[in-house]
K.L.:
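The structure is given below, and queries will be raised subsequently.
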Amino acid sequence: MGNAKSGAVSKEILEDLKLHTKFSETELSQWYENFQKQCPSGRITPDEFQNIYQRFFPESDAKTYAQHVFRSFDTNDDGTLDFKEYIIALHMTSSGKMALKLEWAFSLFDVDKNGYITKSEVTEICQAIFKLIPKEKQDQLPSDENTPEKRANKLWSYFDKKDNERLAEGEFIKGVTENENALHLIQYDPSK
């Protein structure tokens with residue numbers, strides 16, 4: 001009595017995810033079923049994640065960006081994504097709430113996970129983003145953002161920081177929120 005079948009998500013995880021995401025119990029159960037089919041081990045490895053990501057960017061080199069995205073989702077730093085990390089990541093990136101997306105973007109740019117972003121980290125992520133952009137689209141970019149370095153310089157300029165200074169999460173969110181072009185620079189939308 002009360003025992004869940006082995007293929008079901010635990011009640012504790014289910015309650016936690018219902019509390020912290022926009023997903024219903026039915027949606028979470030469906031996500032879990034699909035997750036178990038795709039990842040019978042119950043975990044997504046970096047290679048599996050890169051393969052999934054590559055499907056979204058078939059004409060680009062998504063490997064480096066996928067590694068950074070994976071790092072930002074792997075909140076317990078165990079080198080894999082479990083179902084809970086996967087759902088929270090899905091919620092953060094698909095939620096309509098800009099604040100959530102920007103919190104996630106900050107964690108993406110915080111490569112060393114020290115709570116701050118440096119210009120070199122911005123450059124590293126801009127290089128990964130640039131690899132997502134097909135060559136023909138790169139050629140159409142404005143001259144002040146047609147290389148990863150120019151894109152990083154332009155983005156960094158919105159934060160009013162010197163090259164050797166650090167950026168806290170609140171400053172990052174404020175800078176991106178106040179500058180529509182900064183929002184464009186921290187992502188690549190292949191549909192545009």
Side-chain angles (χ1 to χ4, degrees), residues 2-57 61-129 131-132 166-174 176 186-188:
N3 286 344
K5 61 182 195 270
S6 62
V9 63
S10 80
K11 265 293 194 216
E12 182 183 319
I13 290 175
L14 188 62
E15 290 305 316
D16 190 45
L17 290 173
K18 279 174 31 185
L19 189 64
H20 292 100
T21 71
K22 64 178 180 174
F23 303 121
S24 69
E25 186 167 338
T26 303
E27 289 171 316
L28 290 167
S29 295
Q30 289 170 341
W31 279 109
Y32 187 73
E33 193 177 307
N34 288 334
F35 183 85
Q36 286 297 100
K37 284 179 188 166
Q38 298 296 318
C39 307
S41 70
R43 302 198 163 274
I44 299 175
T45 66
D47 287 342
E48 290 168 331
F49 188 80
Q50 287 172 22
N51 290 338
I52 292 166
Y53 227 84
Q54 189 63 48
R55 286 185 227 139
F56 291 103
F57 299 96
D61 177 3
K63 183 178 181 179
T64 306
Y65 189 73
Q67 289 169 343
H68 287 294
V69 172
F70 185 91
R71 172 194 41 78
S72 73
F73 291 163
D74 183 16
T75 54
N76 66 359
D77 291 325
D78 70 353
T80 64
L81 297 182
D82 61 22
F83 178 69
K84 186 175 177 181
E85 289 169 317
Y86 175 74
I87 290 298
I88 290 184
L90 189 64
H91 171 71
M92 288 180 76
T93 57
S94 67
S95 167
K97 295 185 172 114
M98 182 57 72
L100 270 182
K101 289 180 181 179
L102 292 177
E103 285 173 19
W104 170 72
F106 179 84
S107 72
L108 178 70
F109 278 84
D110 184 13
V111 175
D112 64 8
K113 295 187 173 189
N114 71 350
Y116 295 94
I117 295 174
T118 62
K119 186 171 182 199
S120 66
E121 288 174 314
V122 168
T123 302
E124 185 173 338
I125 299 303
C126 284
Q127 288 168 337
I129 290 170
K131 289 179 180 179
L132 296 176
R166 316 185 297 179
L167 186 64
E169 183 177 25
E171 295 171 304
F172 175 82
I173 291 172
K174 183 177 187 276
V176 173
I186 65 169
Q187 61 191 350
Y188 169 62

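Since the structure is predicted, the reported quantities are computational estimates derived from the model, not experimental observations. FYI, the numbering just counts along the sequence from 1.
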K.L.:
If every non-hydrogen atom of H91 is compared with every non-hydrogen atom of L100, which pair is closest and at what distance?
P.N.:
NE2-CD1, 3.3 Å

K.L.:
Do the ring planes of Y32 and F35 sit parallel (below 30°), tilted (30 to 60°) or perpendicular (above 60°)?
P.N.:
parallel

K.L.:
For L108 versus V69, what's the shortest heavy-atom pair and its separation?
P.N.:
CD1-N, 3.6 Å

K.L.:
For N114, is there any backbone N or O sitting under 3.5 Å from a side-chain donor or acceptor partner on D110?
P.N.:
yes

K.L.:
Got I52 and F56 here, is their nearest side-chain heavy-atom distance under 4.5 Å?
P.N.:
yes

K.L.:
More than 12 heavy atoms of other residues, nucleotides or ligands under 6.0 Å from CD of Q38: is that the case?
P.N.:
no

K.L.:
What do you reckon, is NZ of K119 surrounded by more than 12 foreign heavy atoms closer than 6.0 Å?
P.N.:
yes

K.L.:
For Y116, does the OH atom have more than 12 heavy-atom neighbours from other residues, nucleotides or ligands under 6.0 Å away?
P.N.:
no

K.L.:
If you measure from the Lys or Arg side-chain nitrogens to the Asp or Glu carboxylate oxygens, is any gap between E25 and K11 under 4.0 Å?
P.N.:
yes

K.L.:
Donor-acceptor pair, R71 side chain versus D112 backbone, under 3.5 Å?
P.N.:
no

K.L.:
Check whether any side-chain N or O of E12 sits under 3.5 Å from a backbone N or O of E15 as a donor-acceptor pair, and report yes or no.
P.N.:
no

K.L.:
Taking the six-membered ring for Trp, are the ring centroids of W104 and F73 within less than 6.0 Å of each other?
P.N.:
yes

K.L.:
Side chains of D47 and T45 only: does a donor on one sit below 3.5 Å from an acceptor on the other?
P.N.:
no

K.L.:
For D82, is there any backbone N or O sitting under 3.5 Å from a side-chain donor or acceptor partner on E85?
P.N.:
yes

K.L.:
Should the ring pair W31 and Y86 be called parallel, tilted or perpendicular, given that the plane angle runs from 0 to 90° and is split at 30 and 60?
P.N.:
perpendicular

K.L.:
Within the distance-only criterion (no hydrogens, no angle test), does the side chain of Q50 pair as donor or acceptor with the backbone N or O of A66 below 3.5 angstrom?
P.N.:
no

K.L.:
Look at K174 together with E171 and state whether they make a salt bridge at an N to O cut-off of under 4.0 Å.
P.N.:
no

